[in-house]
Number of protein chains: 2
Amino acid sequence: MPDIDYVLIFKALGDDKRLKIVQMLSDEEKCACKLLEEFIITQPTLSHHMKILCDCGLVDVRRDGKWSHYSLNGEVLGNLKKFVNKLNDGKDGGALCK
Amino acid sequence: MPDIDYVLIFKALGDDKRLKIVQMLSDEEKCACKLLEEFIITQPTLSHHMKILCDCGLVDVRRDGKWSHYSLNGEVLGNLKKFVNKLNDGKDGGALCK
DNA sequence: TCCTAATATAGACGTTTGTCAATATGTTAA
DNA sequence: TTAACATATTGACAAACGTCTATATTAGGA
């Protein structure tokens, strides 16, 4: 079980490009070259963003020859959901997912 | 219904002080002076952080005379939960909350 | 082997961020 | 009104961030 730094995760998600990348990775793994097509940034900049997403644990890399395939890490994502779902305004019964 | 900027919310949560503040506001409203006690930052710095949390919509202020009481905004928090819960790694049936 | 393609790393640069001291604003009590 | 208190705003500064160009690394095909 990885020790999760939620500040690092939220910081990673606090950028429009990276948040879009995470949404693109939702449900399906994607190659770096495929991700790059969706943005008007250079390849090194994408690589930099992917490093930040990987470093916080939210994204995994699977290297396959020349290609890097990125996907969301299910365990970290699950813990992130738990973390967010635990937050509550005090105005109702503390409902989540019912 | 507010139009929610999730990048702004995640950016707000991507700071250790602010994330702790949000957790402190979970379930119960708190006064600025009470929040300030928990950190070794100056009052203007806390005020700055509260502005960022309010500007993204996640936190509400209720002013009561000299005091400002902060609380989590239930609607924005609910939308944030939905947003995060929709994310999925491709490895299972896309489960959330079952 | 040599060349090309996919990705990563290094270094530079302008912008944004977190913090503070100083000051302003607004509220309550005397 | 004046004083004291709670909070907000301003202006400054160092550190962190997003982006680029240039270069390095690594893999596959000729």
Side-chain angles (χ1 to χ4, degrees), chain A residues 4-25 28-73 80, chain B residues 4-25 28-73 76 80 90:
Chain A
I4 296 177
D5 184 336
Y6 292 102
V7 171
L8 219 54
I9 292 177
F10 289 126
K11 209 174 287 193
L13 294 175
D15 174 89
D16 56 344
K17 311 268 169 36
R18 291 195 296 262
L19 187 57
K20 188 176 171 189
I21 289 169
V22 167
Q23 291 186 285
M24 290 172 68
L25 296 182
E28 57 173 346
E29 171 180 272
K30 278 214 169 65
C31 177
C33 55
K34 204 75 187 170
L35 291 170
L36 190 55
E37 289 175 4
E38 298 292 321
F39 300 95
I40 41 175
I41 56 175
T42 61
Q43 176 272 318
T45 297
L46 176 67
S47 189
H48 166 76
H49 286 310
M50 297 319 294
K51 182 164 169 41
I52 289 172
L53 286 170
C54 289
D55 284 353
C56 77
L58 199 54
V59 168
D60 286 330
V61 187
R62 179 175 65 83
R63 301 204 201 267
D64 172 27
K66 300 193 279 192
W67 291 275
S68 293
H69 299 271
Y70 296 98
S71 60
L72 297 184
N73 179 300
L80 177 64
Chain B
I4 297 177
D5 184 335
Y6 292 102
V7 171
L8 219 54
I9 291 178
F10 289 126
K11 209 174 285 194
L13 294 175
D15 175 89
D16 55 345
K17 312 267 170 34
R18 291 196 295 263
L19 187 58
K20 188 176 172 189
I21 289 169
V22 166
Q23 290 187 285
M24 290 172 68
L25 296 182
E28 57 173 344
E29 170 181 273
K30 278 215 168 65
C31 176
C33 57
K34 205 75 187 170
L35 291 170
L36 190 55
E37 288 175 5
E38 297 293 320
F39 300 95
I40 41 174
I41 57 176
T42 61
Q43 176 271 319
T45 297
L46 176 67
S47 189
H48 166 75
H49 285 311
M50 298 319 294
K51 181 164 170 42
I52 289 172
L53 287 169
C54 290
D55 284 354
C56 77
L58 199 54
V59 169
D60 286 329
V61 188
R62 179 175 65 83
R63 300 203 202 267
D64 172 28
K66 302 193 277 192
W67 291 276
S68 293
H69 299 272
Y70 296 97
S71 61
L72 298 184
N73 179 299
V76 173
L80 177 64

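In this text the structure is predicted, and so the values were computed from the model without any measurement.
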message: Which residues in residues 4-16 of chain B have a heavy atom closer than 4.0 Å to any atom of DNA chain C?
response: Lys11(B), Asp15(B)
statement: Between the CG atom in Leu46(A) and the CG atom in Leu53(A), the distance rounded to the nearest 0.5 Å is 9.0 Å
task: Would you check if Met50(A) and Leu35(A) make a side-chain contact, meaning some heavy-atom pair closer than 4.5 Å?
output: yes
task: Please round to the nearest 0.5 Å and tell me the distance separating atom CG of Leu72(B) and atom CE of Met24(B).
output: 11.5 Å
Value rounded to 0.5 Å, distance of CD in Glu37(B) from NZ in Lys34(B): 4.5 Å
Atom-pair distance (CH2 on Trp67(A); C1' on dA27(D)), nearest Å: 9 Å
- prompt: What are the residues of residues 47-66 of chain B, sorted by number, that bring a heavy atom to within less than 4.0 Å of DNA chain C?
  reply: His48(B), His49(B), Ile52(B), Gly65(B), Lys66(B)
message: Between Ile21(B) and Val59(B), is the side-chain contact (heavy atoms from CB on, under 4.5 Å) condition met? List the steps.
response: CA-CA 10 Å; Ile21(B) 289 169; Val59(B) 169; 5.8 Å; no
- request: Let me know the distance between CD of Gln43(A) and P of dT25(D), rounded to the nearest Å.
  value: 15 Å
message: Would you compute the distance between atom CG of Leu19(B) and atom CG of Leu8(A) and round it to the nearest 0.5 angstrom?
response: 11.5 Å
- line: Of Val22(B), Ile4(B), Ile52(B), Leu25(B), the one forming a side-chain contact (heavy atoms from CB on, under 4.5 Å) with Leu58(B) is Val22(B)
query: Can the positive tip of Lys20(A) be found less than 6.0 Å from the middle of the six-membered ring of Phe39(A), inside 45° of the ring normal?
result: yes
task: Report which part of the nucleic acid Phe39(A) touches: base, sugar-phosphate, or nothing (heavy-atom distance under 4.0 Å, all strands).
output: nothing
task: Would you give the length of the straight line joining atom CG of Asp60(B) to atom OG of Ser71(B), rounded to the nearest 0.5 angstrom?
output: 5.0 Å
field: Ile41(B) CD1 - dT7(D) P separation (whole Å)
entry: 13 Å
query: If you walk 5' to 3' along DNA chain C, what is the first nucleotide with an atom under 4.0 Å of a heavy atom in chain B, and what is the last?
result: dT17(C) to dT28(C)
Any Ile41(A) side-chain heavy atom under 4.5 Å of Leu36(A) side chain: yes
query: Looking only at heavy atoms, what is the nearest atom pair of Val61(A) and Ser68(A), with distance?
result: CG1-CB, 4.0 Å
task: May I ask you to say what Ser68(B) touches in the nucleic acid, namely base, sugar-phosphate or nothing, with a heavy-atom cut-off under 4.0 Å?
output: sugar-phosphate
query: At under 4.0 Å between heavy atoms, what does Leu46(A) touch on the DNA or RNA strands: base, sugar-phosphate, or nothing?
result: nothing
